[in-house]
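Beneath this line is the structure, given in structure tokens, with notes to follow.
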Amino acid sequence: MAPVDLTPKQPRKAYGGDGGAYYEWSPADLPMLGVASIGAAKLSLAAGGLALPSYSDSAKVAYVLQGTGTCGIVLPEATKEKVVAVKEGDALALPFGVVTWWHNGPAAPTPLTVLFLGDTSKGHRPGQFTNFQLTGATGIFTGFSTEFVSRAWDLPEADAAALVSSQPASGIVRASSSPLPAPSPRDREGVALNCLEAPLDVDIPGGGRVVVLNTANLPLVKEVGLGADLVRIDAHSMCSPGFSCDSAYQVTYIVRGSGRVQVVGPDGVRVLETRVEGGFLFIVPRFHVVSKIADASGMEWFSIITTPNPIFSHLAGKTSVWKAISAEVLQASFNTTPEMEKLFRSKRLDSEIFFAPPSN
């Protein structure tokens, strides 16, 4: 079997206009999306931009990359929408059947940019989201006859036809001057978690920090079936070589900064060696070992893992498997001397998963 191209890629614009644009990664450009049945997309709303109400064929995690705004969420069988204020660093779990809309305020100084990562294994196209618009030129009701719409909404046919055709745009518009619903702090509870403000799960001075999204701090993650984390490593720091030991794929979006990435697969083959920077996405295959080293700018990334409570095994640092393996087995496995085994074991006794650059 020919190896799958793991080269990190940026998205392509799918549609948009004055109100903003929707970008997506395609399996044609990033084949691992199809292999892993993962979808990836990005929404960018200009000031006043409104992403019209829609639902998707896939459960997703949304992460706010930039800006502030509002998200409307209608959960299945709910009688009232949740209106949530969102800002940079917010992560939201969006299960199957959720209807959402997104809005950037008319006076917003920056775009509202949101990343979507999710499981497409039950979707129409493995590796790509299919979104169903409720209104607009491509809205669901443009496909029904006027008779059906009239009967469904209990409106005269003329009114039904006028209502369906009144929004000529598709997907994203610039909202009118009429105010939209105000967000409610109560609606935010259990729906969103700000990864830049949440308690750190890992904090290594001079190395890096991690916030993990799981069923404990964002219960809707269970319904989505995905775990996620935000990782920030400092200048020239290294993320320990490690792998997901529960058969999960790792889907990584570089939020900012830059650095080098290496991925090694079966038979000790290095399947990826590249430099990444903000805006690029790549996928680590199951059980492959990945490591990263940041450039002088440091590096920040947001990842999903295709299990709600992921478990990782590291191959360096004080929590690595090498610290657990007996001295005799380690020595025999490396075919080395007792002196080298002791030297090897004496290193990284205090370092966990991030390693600060060596001091000069």
### Task
Using a 4.5 Å cut-off on heavy atoms from C-beta on, say whether the side chain of L92 contacts that of V191.
yes

### Task
Specify the closest pair of heavy atoms between F141 and L134, including all atoms of both residues, with the distance to one decimal.
CD1-O, 4.0 Å

### Message
Closer than 3.5 angstrom, by distance alone: can the side chain of N104 be matched with the main-chain N or O of T110 as a donor-acceptor pair?
### Response
yes

### Non-hydrogen side-chain atoms of V261 and T252 separated by less than 4.5 Å
no

Check residues 153-164 and write down every donor-acceptor pair under 3.5 Å in which the side-chain atom is one partner and the other belongs to a residue at least two apart or another chain.
none

### Task
Side-chain contact test, heavy atoms from C-beta onward, threshold under 4.5 Å: evaluate it for F354 versus S237 and give yes or no.
no

#### Entry: From CG (L33) to CD1 (I38), nearest 0.5 Å
8.0 Å

### Query
Going from CZ on F344 to CH2 on W322, what distance comes out if it is rounded to the nearest 0.5 angstrom?
6.0 Å

### Task
For residues M238 and S291, report the shortest heavy-atom separation together with the two atoms involved.
CE-OG, 3.3 Å

### Query
Okay, side chain of D57, backbone of T130: is any donor-acceptor separation there less than 3.5 Å?
yes

### Task
Take L65 and K42, measure what side chain to side chain contact (heavy atoms under 4.5 Å, CB included) needs, and give me the verdict at the end.
CA-CA 9 Å; L65 298 168; K42 190 160 63 172; 3.6 Å; yes

## Note on the structure
dist R188:CZ -> I73:CD1 (nearest 0.5 Å) comes out at 10.0 Å

### Task
Could you check if a side-chain atom of W301 sits within less than 4.5 angstrom of a side-chain atom of C239, using non-hydrogen atoms only?
yes

### Query
Distance only, no hydrogens: is a donor on one side chain within 3.5 Å (strictly under) of an acceptor on the other, for S121 and D119?
yes

### Task
Examine V64 and L94 and state if one hydrophobic cluster contains both, with Ile, Leu, Val, Met, Phe, Trp and Tyr joined whenever side-chain heavy atoms are less than 4.5 Å apart.
yes

### Query
Partners of D246 by salt bridge (Lys or Arg N to Asp or Glu O under 4.0 Å), sequence neighbours excluded?
none

### Task
Please say whether more than 12 non-hydrogen atoms of neighbouring residues, nucleotides or ligands are located less than 6.0 Å from CZ in R125.
yes

### Message
Could you tell me if the side chain of L218 sits less than 4.5 Å from the side chain of V61, heavy atoms only?
### Response
no

### Query
Under the side chain to side chain contact (heavy atoms under 4.5 Å, CB included) criterion, do M32 and L281 qualify, and how do the steps go?
CA-CA 11 Å; M32 275 301 300; L281 182 99; over 6 Å; no

### Query
Which heavy-atom pair separates I283 from L6 by the least distance, and what is that distance?
O-CD2, 3.9 Å

### Query
Any salt bridge between D234 and R209, counting N to O under 4.0 Å?
yes

### N214 side chain vs A216 backbone, donor-acceptor pair below 3.5 Å
yes

### Task
Please collect all side-chain hydrogen bond (donor to acceptor under 3.5 Å, both in side chains) contacts where either partner lies in residues 5-32, sequence neighbours excluded, each pair once.
D5-T7, R12-D29, Y22-N131, E24-Q128

### Closest contact, heavy atoms only, P11 versus G279
CD-O, 4.0 Å

### Message
Taking I233 as the starting point, is it possible to reach Y253 by hopping between hydrophobic residues whose side chains are less than 4.5 Å apart?
### Response
yes

### Task
Report yes or no: does T120 contribute a side-chain atom to a donor-acceptor pair with the main-chain N or O of G127 at less than 3.5 Å?
yes

### Sequence neighbours excluded - side-chain hydrogen bond (donor to acceptor under 3.5 Å, both in side chains) pairs with any residue from residues 62-83
Q66-T113, E81-W101

### Message
Please determine whether side chain to side chain contact (heavy atoms under 4.5 Å, CB included) holds for the pair I254 and F282, giving the CA-CA distance in whole Å, both sets of side-chain angles, and the decisive distance to 0.1 Å.
### Response
CA-CA 9 Å; I254 306 300; F282 67 98; 4.2 Å; yes

Under 3.5 Å, side-chain donor or acceptor atoms of residues 197-206 against the rest of the protein: list the pairs with distances, not counting sequence neighbours.
unit_1 : atom_1 : unit_2 : atom_2 : d
E197   : OE2    : K87    : NZ     : 2.6
D201   : OD2    : V212   : N      : 2.7

### Query
From L193 CG over to D90 CG, what is the distance, rounded to the nearest 0.5 angstrom?
8.0 Å

### Message
Are D229 and S303 packed together at the side-chain level, in the sense that at least one heavy-atom pair is separated by less than 4.5 angstrom?
### Response
yes

#### Entry: Side-chain heavy atoms of V276 within contact of M299, under 4.5 Å
yes

### Query
Any idea which heavy atoms bring A93 and P95 closest together, and the distance?
O-CD, 3.5 Å

### side-chain contact (heavy atoms from CB on, under 4.5 Å) involving A327 - partner list, sequence neighbours excluded
E341, R345

### Summary
In this structure, CZ of R286 is separated from SG of C245 (nearest 0.5 Å) by 14.0 Å

### Query
Parallel, tilted or perpendicular for F148 and F144, by the 30°/60° rule?
parallel

### Message
Out of the candidates L315, V263, V284, only one should pair with F243 under the side-chain contact (heavy atoms from CB on, under 4.5 Å) rule; please name it.
### Response
L315

### Message
Working to the nearest 0.5 angstrom, can you tell me the gap between E273 CD and Q262 CD?
### Response
4.5 Å

### Query
Under a 4.5 Å side-chain heavy-atom rule over Ile, Leu, Val, Met, Phe, Trp and Tyr, are V98 and F116 clustered together?
yes

### Exam field: side chain R174 to backbone A47, donor-acceptor pair closer than 3.5 Å
yes

### Query
If every non-hydrogen atom of P126 is compared with every non-hydrogen atom of P27, which pair is closest and at what distance?
O-CG, 3.7 Å

### Query
Between S333 (side chain) and V329 (backbone), is there a donor-acceptor pair under 3.5 Å?
yes

### Query
Would you say the side chain of P308 lies within less than 4.5 Å of the side chain of V224, judging by non-hydrogen atoms?
no

### Message
For residues F312 and F355: do they belong to one hydrophobic cluster (side chain heavy atoms under 4.5 Å, members Ile, Leu, Val, Met, Phe, Trp, Tyr)?
### Response
no

### Task
Verify whether one side chain among S258 and R275 offers a donor that lies under 3.5 Å from an acceptor in the other.
yes

### Query
Should we count NZ of K323 as having more than 12 external heavy atoms under 6.0 Å?
yes

#### Entry: Same apolar cluster (I L V M F W Y, side chains within < 4.5 Å links), L30/L115
yes

### Task
In sequence, state the C-alpha distance, the side-chain angles, and the governing distance for F302 and L117, and then conclude on side chain to side chain contact (heavy atoms under 4.5 Å, CB included).
CA-CA 10 Å; F302 184 81; L117 301 173; 4.2 Å; yes

### Query
Are F132 and Y55 close enough, and set up right, to give a ring-ring contact (aromatic ring centres under 6.0 Å, His included), and what steps lead you there?
CA-CA 5 Å; F132 295 82; Y55 65 94; 5.0 Å; yes

